[in-house]
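Working notes for the structure below.
In what follows, every heavy atom counts, from backbone to side chain, and hydrogens, waters and symmetry copies are set aside.
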Amino acid sequence: MTAARSARRTRALRAAAVAAVAAALTMALPTAAQARHADVTRQFAAEHKDDCLNSATGGRLIFKATHPPQPPAVEVTGRVALIDPGLCFFLVPPTAEATFTAYSGRTVVDSETVVTTRGDAFSFVLTPDWSTGLPSPIDRVVLRLCHGSALSDPPPVESPGPRPANCAAPVTYTPSDFGTTH
C-alpha cells in the first residue's frame with residue numbers, strides 16, 4: 001500500500017467516524033426546537049358586570065405540543081358562574097355564557113360555548129376539523145363572556161360589527177409569553 005493510498009484511506013475512515021458520531025449525537029440529543037416544543041399552559045379569567053348581573057369564569061388553557069399527524073389542540077378546563085342574579089330576571093332565568101374560539105391565523109378552527117344559570121365546571125378540547133385538510137397550529141384562543149337568557153341562544157361566534165351589547169370585551173390568549181390582549 002502506498003503512502004498516498006494509506007492517507008486517503010485514513011481520511012475516509014476519519015470522515016466516516018465523524019459522520020457516525022454526528023449521527024449518533026443528533027439522534028440522542030434533542031434539538032433546540034424539540035426542547036422548546038412543550039405544552040404551554042395559560043391561566044384565563046374574565047368577569048362581566050352589567051346593570052343587574054355579574055358573571056365570572058376562570059381556569060386554564062393548555063396549548064398542546066403536537067406533532068403531525070396529531071391535530072393541534074388546546075385543552076380547556078375551568079368554571080363559569082353567574083353571581084347573585086338578584087331579582088332583575090325573576091321570570092326568565094339569566095345565563096352566563098363563556099365562548100372559547102380557537103384560531104389559526106384569521107380562520108376559526110373550533111368553538112365551544114358553556115352556558116350556566118348558576119355555576120358549572122367544564123372541560124373540553126378545541127381542535128380543528130380534519131375534513132378541511134391538514135390543520136395549521138392553533139395560535140390563539142379568544143374568550144368572550146356574555147349574559148343571556150335561558151330562553152335564547154348564545155350570540156354567534158363571529159358577530160359582524162361591534163360586540164353584542166351584553167358581552168364583556170373579548171380576551172385573547174396565545175401560547176407565547178405576550179400575555180392576554182383585550
Side-chain angles (χ1 to χ4, degrees), residues 38-66 70-132 135-182:
D39 290 354
V40 175
T41 301
R42 293 284 179 254
Q43 300 298 317
F44 69 84
E47 187 173 5
H48 179 41
K49 292 181 181 182
D50 61 22
D51 293 338
C52 191
L53 299 173
N54 183 13
S55 59
T57 187
R60 70 173 187 222
L61 304 166
I62 302 175
F63 291 82
K64 301 300 288 179
T66 56
Q70 296 171 305
V74 177
E75 292 179 2
V76 183
T77 305
R79 184 164 183 79
V80 63
L82 186 61
I83 303 163
D84 190 26
L87 298 176
C88 291
F89 298 97
F90 68 94
L91 293 177
V92 178
T95 59
E97 303 164 358
T99 300
F100 297 83
T101 307
Y103 289 85
S104 179
R106 293 181 172 191
T107 305
V108 173
V109 295
D110 197 8
S111 184
E112 185 82 28
T113 299
V114 180
V115 179
T116 185
T117 57
R118 293 276 183 224
D120 290 309
F122 56 85
S123 181
F124 54 86
V125 177
L126 296 168
T127 188
D129 179 5
W130 278 90
S131 66
T132 60
S136 298
I138 295 173
D139 57 24
R140 70 188 181 286
V141 173
V142 176
L143 166 59
R144 187 171 69 174
L145 185 60
C146 301
H147 293 148
S149 159
L151 301 178
S152 65
D153 292 329
V157 171
E158 288 299 313
S159 300
R163 72 177 192 262
N166 211 359
C167 293
V171 184
T172 301
Y173 297 90
T174 66
S176 66
D177 291 326
F178 299 124
T180 61
T181 61
H182 295 273

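Within the 4.5 Å cutoff, side-chain heavy atoms of F122 are placed close to those of F100. Contact annotation: the side chain of I138 approaches that of V109 to within less than 4.5 Å [non-hydrogen atoms, C-beta and beyond]. Proximity of T99 to S111: side-chain heavy atoms (C-beta onward) are separated by under 4.5 Å at one or more points. Residues V142 and V171 fail the side-chain proximity criterion, which asks for heavy atoms closer than 4.5 Å. Looking at P72 and S104, their side chains never come closer than 4.5 Å, going by heavy atoms from C-beta outward. In this structure, L82 and P94 have side chains that are in contact, with non-hydrogen atoms separated by less than 4.5 Å. Under the 4.5 Å side-chain criterion, counting only non-hydrogen atoms from C-beta, T95 is not in contact with T116. Residues T172 and V141 have side chains not in contact (no heavy-atom distance under 4.5 Å, counting atoms from C-beta outward).
To the nearest 0.5 angstrom, L126 atom CG is 7.0 Å from E112 atom CD. Annotation: the span from C146 atom SG to E97 atom CD amounts to 6.5 Å, rounded to 0.5 Å. Note that OG1 of T41 is 4.5 Å distant from CD1 of I62, once rounded to the nearest 0.5 Å. Rounded to the nearest 0.5 Å, atoms CD (E75) and CZ (R60) are 7.5 Å apart. Note that the CG atom of D50 and the NE2 atom of H48 stand 5.0 Å from one another [nearest 0.5 Å]. If you take CZ on R42 and CG on L61, they are separated by 9.5 Å, rounding to the nearest 0.5 Å.
Shortest non-hydrogen contact noted between L143 and A46 is CD2-CB, 3.7 Å. Nearest heavy atoms, N54 versus K49: OD1-CG, 3.3 Å. Annotation for A98 and V80: closest pair CB-CG2, 4.1 Å, computed over non-hydrogen atoms.
Checking side-chain atoms of D139 against main-chain N and O of G105 turns up a donor-acceptor pair under 3.5 Å. The closest donor-acceptor contact from the side chain of D110 to the backbone of P128 lies at 3.5 Å or more, if one exists at all.
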- request: Please test F63 against T174 for side chain to side chain contact (heavy atoms under 4.5 Å, CB included), starting from the C-alpha separation and ending with a verdict.
  value: CA-CA 8 Å; F63 291 82; T174 66; 5.5 Å; no

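Stacking of R140 on the aromatic ring of Y103 is recorded, both the 6.0 Å distance cut-off and the 45° axial limit being met.
With hydrogens and angles left out, the side-chain atoms of S55 and H147 include a donor and acceptor closer than 3.5 Å.
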